[in-house]
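One structure is given below, encoded as structure tokens.
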There are 2 protein chains.
Amino acid sequence: MEDLKPVDPPHPAQDVTEHVGYRLKRAAAALRGAMDRALRAHGLTVPQYACLELLDQRPGLSNAELARGTFVTRQSMNVVLRGLQDEGLISRPATTDHGRALPTHLTAEGRGRLYAARSAVYAIERDMIDAIPQRRLAALLADLDRMAAALGG
Amino acid sequence: MEDLKPVDPPHPAQDVTEHVGYRLKRAAAALRGAMDRALRAHGLTVPQYACLELLDQRPGLSNAELARGTFVTRQSMNVVLRGLQDEGLISRPATTDHGRALPTHLTAEGRGRLYAARSAVYAIERDMIDAIPQRRLAALLADLDRMAAALGG
DNA sequence: GTCCCTATGTCAAAATCCTGACATGGAAGA
DNA sequence: TCTTCCATGTCAGGATTTTGACATAGGGAC
């Protein structure tokens, strides 16, 4: 009874846990957990850190742009920005002379918090990279991009 | 001021969006979004689908086992199971003669819903796999596992 | 100029998920 | 046997995220 499958799996696999999607989810979950633990010591959540990192390298991004860059909705990013603003880590003008997008910038304190937390996050990335054959890293990054693009990411 | 970096990135990259973690997150977010859209037509959420898929191949799993298998907490899986039970897609005994773990099983209706939704999800997996060179699939899966293991996943 | 379309910011409500906590059942060791 | 420890199911509370909706600002077609 169990070997009767209404549809064939995309590639030979007896178990869901063998599927690409499952592996991808497991790796992402492990990364999220590791970052959660590491960032807690710095008083930051993962979305907050992602937001600060993005703002450090692309100052002046708007709420909607940050949301797209961190793969959350505008509404979610809005509450993240409020939290960061309440802590004095970012600054955002109340109005603008052109358009509706409000450019966001890191404060000196925000930059300091980011740099302190960054070393912990980079250590995690180092662990991930060291876990795989170094010659396959470029191909892995390219494949992840291709899969995301194929799914409309 | 901006080119002073307190710590060196784990691998040469000028932008956060080049990092492994960012790519992994993007791919996972794209997968999650595609599955959300596909499963909505079948009246299922991603955690619900993952739960049904796991139960189809490993009948009798407990709440805690399902939680570990889908990378959520026991509490979250508990509400997922209640929802599935309210819809009549799974069955769970109220008591057990040995231990506290309550073995969960799919109902006939649950199996039907799963099989209907499965084809949509498998089409997404097919798109992902077709997006990358076929000869690299095995290495990709292995690398994802190694990274997850290195992070304690 | 006017209409239409898109993008942005924001509000409100609900759903989802997690942290913290507690009681119970079983296994292992003193 | 008794004690200790771990795993499980569950409750309560809060935090996070999403869905749906609305008003506003700008660009382009006509």
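Protein chains get the first letters and strands the later ones, always in sequence-line order, with residue 1 at the start of each.
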> Do Arg92(A) and Asn63(A) come close enough that some side-chain heavy atom pair is under 4.5 Å?
Replying inline: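 Touching, per the 4.5 Å side-chain cut-off.
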> So do the side chains of Val20(A) and Leu137(B) get within less than 4.5 Å of each other, counting heavy atoms only?
Replying inline: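 With C-beta onward as the side chain, the pair touches.
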Phosphate OP1/OP2 of [N] contacted by [X] side-chain N/O (<4.0 Å):
X        : N       : answer
Asn78(A) : dG9(C)  : no
Ser62(B) : dT8(D)  : no
Ser76(A) : dT16(D) : no
Arg40(B) : dT19(D) : yes
Arg74(B) : dA21(C) : no

Distance check needed: [N] [atom2] versus [X] [atom1], whole Å only.
X        : N       : atom1 : atom2 : value
Gln48(A) : dT17(D) : CD    : C1'   : 14 Å
Leu39(A) : dT16(D) : CG    : P     : 13 Å
Asn63(A) : dA25(D) : CG    : C1'   : 16 Å
Leu84(B) : dT16(C) : CG    : P     : 11 Å
Arg68(B) : dA7(D)  : CZ    : P     : 8 Å
Asp86(A) : dA15(D) : CG    : C1'   : 15 Å
Tyr49(A) : dT16(D) : OH    : P     : 19 Å
Leu44(A) : dT16(D) : CG    : C1'   : 16 Å

>> Checking Arg146(B) now: which residues fulfil side-chain hydrogen bond (donor to acceptor under 3.5 Å, both in side chains) with it, not counting sequence neighbours?
In response: Asp143(B)
> Under 3.5 Å, is there an N or O donor on one side and an acceptor on the other linking the side chain of Gln75(A) and the base of dG20(D)?
Replying inline: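 Checked by distance alone, the answer is yes.
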> So which one's nearest nucleotide on DNA chain C is more toward 5', Phe71(B) or Glu65(A)?
Replying inline: Glu65(A)
>> Assuming nearest nucleotide by heavy-atom distance, tell me which of Arg100(A) and Asp36(A) is located more 5' along DNA chain C.
In response: Arg100(A)
>> Walk me through whether Leu24(A) and Leu24(B) qualify under side chain to side chain contact (heavy atoms under 4.5 Å, CB included).
In response: CA-CA 8 Å; Leu24(A) 187 57; Leu24(B) 187 57; 3.6 Å; yes
>> Check this for me, if you would: do Arg82(B) and Asp86(B) make a salt bridge, where the nitrogen-to-carboxylate-oxygen distance has to be below 4.0 angstrom?
In response: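 Looking at Arg82(B) and Asp86(B), the cut-off is not met.
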>> Let's see if you can work this out: which of dT10(C), dC17(C), dG25(C) has an atom nearest to the side-chain heavy atoms of Arg92(A)?
In response: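 From the listed options, dT10(C) comes nearest.
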>> If you only use heavy atoms from C-beta on, which nucleotide in dT16(C), dG9(D), dT10(C) is closest to the side chain of Thr45(B)?
In response: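 Per side-chain heavy atoms of Thr45(B), the pick is dT16(C).
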> Between Val72(A) and Gly99(A), who's closer to the 5' end of DNA chain D by nearest nucleotide?
Replying inline: Val72(A)
> 5'-most contact on DNA chain D: Arg32(A) or His98(A), nearest heavy atom basis?
Replying inline: Arg32(A)
